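Scroll down for the structure; my scribbles are underneath it.
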Amino acid sequence: MKVQEVMTRNPLCVTPGDSIRDAAQLMKRHGIGIVPVVNEKRSNRLVGVVTDRDIAIRVIAEGLDGNARVSDVMSTDDIATCAADDEVQEAMETMATEQVRRIPIVDERGSLLGIVAQADIVRKGGDHARAELTVQRISEPGGKHLQ
């Protein structure tokens, strides 16, 4: 099964200049925990992501307020991505290796096409045993995204 069959297409996104409040309001309104960050909405080139955890750790814990810019707190280093025509197993392996629950889907130019969450794979992926193993590996203590 291909990633494009399970991904959420055209996900909501923000730009680096948007406020954290804007990103948090999108998360609240749509019940999501990650918002991709694109350089500008027209080109849609992925430059990072901002998560609810980024907001808790890099904004609230550091004493910043909601007017802080997304660029101040977004994750940018080595953002793991997949392509729409990758196999779902490849996406699960990347998620497990990177210990992330969601992964942006980009085209060959780096433009954002969609996003896949572990829940998408469990609901639509069919291979529940493999999905369960991926969730276990994602949830292991440690990982590079702890800071």
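All values reported here derive from a predicted model rather than from experimental measurement.
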Item to complete: Test side-chain contact (heavy atoms from CB on, under 4.5 Å) on Asn39 and Thr15 and set out the steps.
Response: CA-CA 6 Å; Asn39 64 333; Thr15 65; over 6 Å; no

Given side chains that start at C-beta, do those of [X] and [Y] come closer than 4.5 Å, heavy atoms only?
| X | Y | value |
| --- | --- | --- |
| Thr51 | Ser75 | no |
| Met95 | Ile103 | yes |
| Val116 | Arg102 | no |
| Ile55 | Met27 | yes |

Please find the pair of heavy atoms, one from [X] and one from [Y], that lie closest to each other, and give the distance.
| X | Y | answer |
| --- | --- | --- |
| Asp78 | Glu98 | O-OE1, 4.5 Å |
| Met74 | Val37 | SD-CG1, 3.5 Å |
| Ala23 | Val70 | CB-CG2, 4.3 Å |
| Ser19 | Gly66 | CB-O, 3.5 Å |
| Ile20 | Arg69 | CG1-O, 4.0 Å |
| Val59 | Asp65 | CG1-O, 3.9 Å |

Hydrophobic cluster membership, [X] vs [Y], 4.5 Å side-chain cutoff:
| X | Y | value |
| --- | --- | --- |
| Leu112 | Val47 | no |
| Leu113 | Val88 | yes |
| Ile57 | Val35 | no |
| Ile34 | Leu46 | yes |
| Val38 | Val49 | yes |

Worksheet item: Among all residues two or more places apart in sequence or in another chain, which pass the side chain to side chain donor-acceptor pair (under 3.5 Å) test with Arg9?
Response: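 Residues passing side chain to side chain donor-acceptor pair (under 3.5 Å) with Arg9: none at all.
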
Is it true that a side-chain atom of [X] and a backbone atom of [Y] form a donor plus acceptor pair closer than 3.5 Å?
| X | Y | value |
| --- | --- | --- |
| Asp120 | Met7 | no |
| Arg101 | Gln118 | no |
| Gln25 | Asp22 | no |
| Gln4 | Asp85 | no |
| Thr8 | Pro11 | no |

Discussion item. Check this for me: Arg29, atom CZ, are more than 12 non-hydrogen atoms of other residues, nucleotides or ligands nearer than 6.0 Å?
Written reply: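 Count over threshold, so yes.
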
Discussion item. What verdict does the side-chain hydrogen bond (donor to acceptor under 3.5 Å, both in side chains) test give for Thr97 and Glu93, after you've listed the backbone C-alpha separation in whole Å, the side-chain angles of each residue and the deciding distance to 0.1 Å?
Written reply: CA-CA 6 Å; Thr97 301; Glu93 183 59 35; 3.2 Å; yes

Fill in: Spatial distance of atom CG (Asp107) from atom CG (Asn44) [nearest 0.5 Å]
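One gets 9.0 Å once the value is rounded to the nearest 0.5 Å.
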
Worksheet entry | side-chain contact (heavy atoms from CB on, under 4.5 Å) assessment of Lys2 paired with Glu87 | CA-CA 4 Å; Lys2 300 287 185 185; Glu87 294 293 329; 2.9 Å; yes

